[in-house]
**Q** 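Quick one: the structure is below, questions incoming.
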Amino acid sequence: MNLVTVSGPPSVGKTSVILKTIVSLKERKLKVGVVKFDCLFTDDDILYEKAGVMVQKGLSGGLCPDHYFVSNIEEVTQWGLDNKFDILISESAGLCNRCSPYIKDIKAVCVIDNLSGIGTPKKIGPMLKSADIVIITKGDIVSQAEREVFASRVHSVNPGATILHVNGLTGQGSFELSTLLYDKDEDITTLKGKTLRFSMPAALCSYCLGETRIGESYQMGNVRKIDLGKREI
Amino acid sequence: MGVLTVPDLRNKKIDTLLTDYPFAETFLVNNGIDPEKFRDSSMEDYFRQLDPEHMEDHAIDPDHLLTQFADFVNQMLSFLGEDNKIVESITILPGHDKSGNPENFTEFVIRKNEIVSIVGPTGSGKSRLLGDIEWAAQNDTPTGRSILINKKTPDKKWRYSSSEKLVAQLSQNMNFVMDLSVFEFLELHAESRMITDRETVIKRIIKEANNLAGEKFDPDTPITALSGGQSRALMIADTAILSRSPIILIDEIENAGIDRKKALKLLLAEEKIVLMATHDPVLALMGNRRIVIKNGGIDKVIETTEEEKEILSEIEELDRKVQNMREKLRNGEKLTSE
Ligand SMILES: Nc1nc2c(ncn2[C@@H]2O[C@H](COP(=O)(O)OP(=O)(O)OP(=O)(O)O)[C@@H](O)[C@H]2O)c(=O)[nH]1
Ligand SMILES: Nc1ncnc2c1ncn2[C@@H]1O[C@H](COP(=O)(O)OP(=O)(O)O)[C@@H](O)[C@H]1O
Ligand SMILES: [Mg+2]
Ligand SMILES: [Mg+2]
Ligand SMILES: [Zn+2]
Ligand SMILES: [Zn+2]
């Protein structure tokens with residue numbers, strides 16, 4: 001199974017882009033599942049279900065959703081393996097600009113939109129700076145010049161990333177994105193032992209204290225567990 | 001100047017770096033480093049004076065940042081070292097339609113300074129064709145088409161580089177969202193394109209834009225206060241002159257009080273290839289050729305005939321009349337039937 005983490009500020013178009021991209025992945029006969037991480041509320045699971053995509057959601061409540069993500073991603077990965085997905089996509093709303101859910105050696109996608117203003121790339125922390133792929137949405141609303149200026153700002157904070165423009169409404173660019181997401185030679189069976197790309201401060205749990213290793217044995221303090229329902233195989 | 005390495009970056013004075021690579025300032029500023037304050041320091045010195053708590057709060061990882069800095073400088077060096085007028089032609093090699101039938105042509109070559117229009121019903125595959133070109137397809141898209149640039153298999157940079165896109169697109173939307181004056185806006189764009197003589201370029205864009213729009217505007221006008229026609233004119237002039245992309249996609253230039261013929265002329269004068277998906281007869285007939293798409297495939301290519309060119313003159317005459325009436329109404333005049 002491939003795992004891809006997609007992250008980005010609220011309402012930038014993460015779900016729209018993922019849904020359009022899944023269409024192209026399904027055309028290649030790949031089985032796709034999604035898990036959505038958010039804070040208090042999300043309707044995204046309904047959108048995925050409507051599109052016939054298996055989905056789980058986890059709400060972190062008062063915790064930083066990225067902390068909650070890392071406490072649960074191993075379990076979610078096992079859920080994905082149980083369901084024999086070829087590719088599992090996690091969507092998380094990056095609410096705090098300091099944390100980011102990216103894991104070393106796991107493909108990391110950051111979504112931002114052209115409307116957020118040219119100062120934004122500078123403000124977003126590791127979620128943008130350490131992503132492998134940066135997707136810029138809502139290009140239909142701005143001019144070519146604004147798209148170019150915005151993309152160059154993104155490039156200056158993350159020169160190593162592949163930057164793609166995708167339209168969440170029309171799907172323009174989503175086929176191209178789909179070709180970058182799945183790699184048939186990659187096969188993940190567990191995340192145990194893998195580490196985060198950046199530590200997450202703000203003391204709530206072991207990850208707040210700088211822990212980067214994944215797995216139950218490293219989780220201490222205020223850890224909430226995701227409810228994945230009954231495990232069906 | 002060869003490739004910049006991380007150890008070089010780490011130890012050279014920032015002042016020296018900025019002399020050698022003036023564009024490095026963009027990187028520093030966007031990563032929260034004030035170049036003025038640290039002129040006499042090296043990056044190593046800069047990291048050393050940072051408070052560990054600040055580094056933690058702002059997620060600063062020195063090695064990661066230095067690697068990215070070196071990437072940025074090296075990409076910029078190769079970007080600046082290349083000639084941007086290198087695209088002489090693009091060639092479309094056939095794929096298949098939605099039912100899998102092969103497309104019925106051997107190759108389709110479009111040269112610079114050429115306008116090609118694309119027609120076909122909604123859902124027929126116009127956008128997919130434009131997408132194939134933008135992505136420089138290599139028999140790896142749903143249509144199976146391949147694209148050549150200057151008759152050769154294109155460099156991967158056209159897919160992945162953020163500064164060198166094959167295609168610039170004129171948006172459907174006619175409004176700007178940034179809150180800047182026309183001058184500031186163009187300056188920002190010129191800066192991101194690494195243009196050195198900004199003043200001259202900006203003046204030229206404003207002159208050309210005013211040439212396209214009915215009502216003139218000046219450099220101090222906020223871009224959000226421009227009328228639809230003025231915004232459109234500015235977008236076109238800016239894309240023609242400042243965008244490095246050799247191909248311009250137009251998804252319909254609306255009838256928003258600009259001279260469409262002049263607009264296309266301006267794009268061609270800048271040695272662009274223009275592709276238009278449109279059903280507007282004035283635009284469709286302005287192309288030298290038009291591609292007809294059916295069921296996902298290129299069904300045929302039609303050369304604009306002499307008769308069609310005559311018809312075009314008639315439509316343009318009508319168009320001018322309508323524009324005139326619009327102008328009169330706008331100025332509070334009465335329409336008369338001369
Ligand atoms: N104009 C335009 N609108 C878009 C685009 N992509 C998404 N949208 C719209 O933006 C809104 C938010 O899109 P979502 O896909 O729900 O965004 P999200 O990032 O998943 O949002 P959260 O999960 O709630 O953080 C919706 O109304 C979309 O239709 C785009 O490329 N252009
Ligand atoms: N040759 C083809 N083979 C398979 N699918 C195609 C082909 N051409 C187009 N499509 C698909 O058909 C759909 C509609 O095409 P699109 O380009 O959006 O149409 P238009 O822009 O003309 O309205 C898209 O999902 C596109 O990927
Ligand atoms: Mg969403
Ligand atoms: Mg279309
Ligand atoms: Zn956080
Ligand atoms: Zn925590």
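Chain letters run A, B, ... following the sequence lines, proteins first, then strands; residues in each count from 1.
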**Q** Side chain, backbone, both or neither: which part of B:R128 has an atom under 4.5 Å from a heavy atom of chain A?
**A** side chain

**Q** Name the option with the most non-hydrogen atom pairs under 4.5 Å to chain A; the candidates are B:D238, B:L188, B:L65, B:L242.
**A** B:L188

**Q** Select one option (side chain, backbone, both, neither) describing which atoms of B:N30 are under 4.5 Å from chain A's heavy atoms.
**A** both

**Q** From A:T21 OG1 over to A:I87 CD1, what is the distance, rounded to the nearest 0.5 angstrom?
**A** 9.5 Å

**Q** Which bit of B:H64 is near chain A, if near means a heavy-atom gap under 4.5 Å: side chain, backbone, both or neither?
**A** side chain

**Q** Under the 3.5 angstrom rule, does the side chain of A:R147 hit a backbone N or O of B:Q169 as a donor-acceptor pair?
**A** yes

**Q** Checking heavy atoms, do the side chain of B:M235, its backbone, both or neither come under 4.5 Å from chain A?
**A** side chain

**Q** I'd like to know which of A:K123, A:E27, A:E146 tops the heavy-atom pair count under 4.5 Å against chain B.
**A** A:E146

**Q** Would you say the ring centers of B:F185 and B:F176 fall short of 6.0 Å from each other?
**A** yes

**Q** Side chain, backbone, both or neither: which part of A:S24 has a heavy atom under 4.5 Å from chain B?
**A** neither

**Q** Once you round to the nearest 0.5 Å, how far does CD1 of B:I250 lie from CG of B:L264?
**A** 5.5 Å

**Q** Answer yes or no: is there an ion pair linking A:D38 with A:K36, defined by an N-O contact shorter than 4.0 Å?
**A** yes

**Q** Please classify the contact of B:T141 with chain A as side chain, backbone, both or neither, using a heavy-atom distance under 4.5 Å.
**A** both

**Q** For the pair B:E270 and B:R244, find out whether any cationic side-chain nitrogen is under 4.0 Å from an anionic carboxylate oxygen.
**A** no

**Q** Should the pair B:D132-B:R145 be classified as a salt bridge under the 4.0 Å nitrogen-to-oxygen rule?
**A** yes

**Q** Please classify the contact of A:L164 with chain B as side chain, backbone, both or neither, using a heavy-atom distance under 4.5 Å.
**A** side chain

**Q** Contact part of A:S152 toward chain B, heavy-atom cut-off under 4.5 Å: side chain, backbone, both or neither?
**A** side chain

**Q** Heavy-atom cut-off 4.5 Å, strictly under: side chain, backbone, both or neither for B:T239 against chain A?
**A** side chain

**Q** Counting heavy-atom pairs under 4.5 Å to chain A, which of B:A70, B:A137, B:P142 comes out on top?
**A** B:P142

**Q** Which one of A:R153, A:K122, A:H165 has the most heavy-atom pairs closer than 4.5 Å to chain B?
**A** A:K122

**Q** Any salt bridge linking A:E176 with A:K20? Criterion: basic side-chain nitrogen under 4.0 Å from a carboxylate oxygen.
**A** no

**Q** What residue, out of B:N31, B:V29, B:D71, B:N74, has the most heavy-atom pairs lying under 4.5 Å from chain A?
**A** B:N31

**Q** Check this for me, if you would: do A:R197 and A:D132 make a salt bridge, where the nitrogen-to-carboxylate-oxygen distance has to be below 4.0 angstrom?
**A** yes

